[in-house]
J.: 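Quick one: structure below, then a few questions.
Computed from a predicted model, the values in this text were never measured in an experiment.
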Amino acid sequence: MLFVVSNFVMNGGTTFVFRMAEERYKRGLATTILSIESNVNKELVARVKEFASFYLLEDFVTFGLGKVFVKQLVITAPLKKAKLKKVIDDSHGNVHCMGVYGLLLSHRFSQFYPKKLNITTAVYHQNEYLFKSKKYYFKDIFELILQSFSSDQMIFFNEKNRQDYANKFNLDFEKSPLTPIGLNLSDRAWRSTKTDNDKLKIISIGNLFDFKKYIEAMIENFNEILRLDDRFEFHIYGDGPEKDRLYDLVLSKGLSGKVFLHGQFDYALLTDVVRGSFAFLGGGTAIIEASSYGIPSIIGIESFELPETYGFFYEINGLDYNEYKFDMPRRSFSNCIRVLLDASEWNDVSHRCYIKSQEFSIEKTLETFELSFSSSALTDIKSVSFSNSRLLISLLSMAFNYYLKLDDGIRNRRLQGNFDESH
């Protein structure tokens with residue numbers, strides 16, 4: 001299988017591909033990773049090469065133009081087709097695209113690859129293909145590609161995204177595969193990890209983006225938590241564009257001795273950070289990780305500004321947990337924390353969160369991906385008409401509008417909140 005990724009830096013997508021490559025390696029399955037951007041985390045690349053083949057797209061650009069076609073523009077550069085054909089052959093024509101640019105690049109592959117490409121994609125963030133922006137040629141093309149897909153070619157990680165995409169494209173994506181963003185949980189066994197030290201640590205782990213409103217909401221209302229017990233501390237692990245603003249908020253609230261921003265986080269230290277903490281707040285794969293260690297985990301709702309939650313991780317049904325749903329009952333962060341101050345309740349929530357985490361195993365994810373590629377219904381996207389020169393012009397136009405602050409639709413698609421059918 002060939003994973004076409006936008007980049008290979010420390011983020012949720014990269015760690016997901018890393019886990020998939022490792023699990024496939026254990027099963028004797030070959031994995032290849034192709035990064036569109038050349039700015040990668042060299043340490044992560046060195047580690048993943050133990051399980052997979054790794055390439056930069058610029059290495060397949062002719063005439064040394066890989067340095068000229070920077071960032072996403074490289075998907076329009078002249079390519080060494082014979083060299084790429086061999087990489088695709090080694091992956092048996094199975095290509096998984098992890099976003100807009102990967103899908104557009106795979107469309108180019110289909111134009112010169114002599115056989116039918118088995119192409120799939122997944123919705124790694126709700127707005128990956130649903131973002132609002134000016135009209136661009138590249139946006140028209142990837143929407144046409146998605147409309148040509150069979151239901152088996154779109155993989156979803158929660159029910160809400162599957163319903164949103166079915167509504168947007170008026171297709172039968174409601175029949176598409178649904179799978180967890182899996183973790184390797186085979187070595188996890190529940191045991192109470194609560195400590196009786198003087199500090200009651202609430203932790204949050206992940207990159208600091210604007211759509212993670214729950215972090216700001218917790219800081220804004222942390223004095224309410226301190227009224228429950230003044231030993232509480234809030235430890236935030238991760239870096240990102242919101243770090244400085246959150247730091248200023250901590251200072252303005254007089255919480256510099258109670259709320260801590262630790263910056264860039266090494267996921268190799270996750271076990272040490274999680275164990276012994278009182279509670280976790282957040283989403284993504286981090287909430288699964290924390291729950292798998294028996295930490296009572298509170299759901300952080302994305303793009304939602306109030307200090308409210310759907311509750312503990314175990315309380316949600318299925319795979320949907322941090323997508324905003326207006327009809328889901330909510331309660332305050334302080335309500336959840338108050339419950340956990342009772343030792344027997346803490347232990348019960350700890351165990352229930354652990355049990356819930358087991359639904360998110362990497363084995364289930366891998367099986368879903370394999371079944372998608374083996375489907376006889378996969379369509380050949382080479383029939384979608386395409387102009388590489390128009391693609392280049394549209395990407396340049398998008399960049400031009402972004403730098404003039406006329407349109408930041410695709411660049412900031414994660415910040416656009418939840419899908420609204422009326423727009």
J.: Is the F149 to F173 ring centre distance short of 6.0 Å?
T.: no

J.: Quick one, K253 and E220 - any side-chain contact, counting heavy atoms below 4.5 Å?
T.: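 They are in contact (side-chain heavy atoms under 4.5 Å apart), so the answer is yes.
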
J.: Could you tell me whether R19 and E23 make a salt bridge, using a distance below 4.0 angstrom between a side-chain N and a carboxylate O?
T.: no

J.: Do the non-hydrogen side-chain atoms of I362 and M20 ever get within less than 4.5 Å of each other?
T.: yes

J.: Does E305 CD have over 12 foreign heavy atoms under 6.0 Å away?
T.: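 Atom CD in E305 is not crowded, with 12 or fewer foreign heavy atoms closer than 6.0 Å.
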
J.: Are the charged groups of R162 and E159 less than 4.0 angstrom apart, N to O?
T.: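 Here R162 pairs with E159 in a salt bridge, since their nearest N and O are under 4.0 Å apart.
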
J.: Does a side-chain N-to-carboxylate-O contact under 4.0 Å join K356 and E359?
T.: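 Here K356 pairs with E359 in a salt bridge, since their nearest N and O are under 4.0 Å apart.
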
J.: Above 12 or not: heavy atoms from other molecules or residues under 6.0 Å from NZ of K86?
T.: no

J.: Taking E315 first and then R352, would you say they form a salt bridge - that is, a charged N and a carboxylate O separated by under 4.0 Å?
T.: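 No, E315 and R352 are not salt-bridged.
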
J.: What about the rings of F234 and F260, do their centers lie closer together than 6.0 Å?
T.: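 Not close enough - the centres of the two rings lie 6.0 Å or further apart.
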
J.: With no hydrogens and no angle check, do the side chains of S397 and Y137 hold a donor and an acceptor under 3.5 Å apart?
T.: no

J.: Parallel, tilted or perpendicular: which one describes the rings of F138 and F142, with boundaries at 30° and 60°?
T.: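 Ring orientation of F138 relative to F142: tilted.
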
J.: Does D164 come within less than 4.0 Å of K168, counting only side-chain N to carboxylate O?
T.: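 Salt bridge flag = no for K168 with D164.
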
J.: Determine whether a donor-acceptor pair (N or O, by modelled atom type, separation under 3.5 Å) exists between the side chain of E308 and the backbone of F333.
T.: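 Not confirmed, E308 side chain does not pair with F333 backbone.
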
J.: Do the two ring centres, one from F18 and one from F51, sit under 6.0 Å apart?
T.: yes

J.: Should E242 and K213 count as an ion pair when the cut-off is N to O under 4.0 Å?
T.: no

J.: For D248, I'd like to know if atom CG has over 12 heavy atoms of other residues, nucleotides or ligands within 6.0 Å.
T.: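 For D248, atom CG is crowded (more than 12 foreign heavy atoms under 6.0 Å).
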
J.: Does F222 have its ring centroid less than 6.0 Å away from the ring centroid of F232?
T.: no

J.: State yes or no: are the ring centers of F360 and F313 separated by less than 6.0 Å?
T.: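 Yes; F313 has its ring centre under 6.0 Å from that of F360.
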
J.: What pairs with S292 under side-chain hydrogen bond (donor to acceptor under 3.5 Å, both in side chains), at least two apart in sequence or on another chain?
T.: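 Here the qualifying residues are R188.
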
J.: Could you tell me whether a side-chain N or O of R24 sits under 3.5 Å from a main-chain N or O of A30, the two making a donor and an acceptor?
T.: yes

J.: Test side-chain contact (heavy atoms from CB on, under 4.5 Å) on N401 and L404 and set out the steps.
T.: CA-CA 5 Å; N401 283 323; L404 289 182; 5.6 Å; no

J.: Quick check, are the ring centers of F156 and Y165 under 6.0 angstrom apart?
T.: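 Yes; Y165 has its ring centre under 6.0 Å from that of F156.
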
J.: Does atom NE2 of H262 have more than 12 heavy-atom neighbours, drawn from other residues, nucleotides or ligands, at distances under 6.0 Å?
T.: yes

J.: Looking only at side-chain N and O atoms, does Y55 offer a donor or acceptor that is under 3.5 Å from a partner on T32?
T.: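 On atom types as modelled, these side chains do not qualify, holding no pair under 3.5 Å.
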
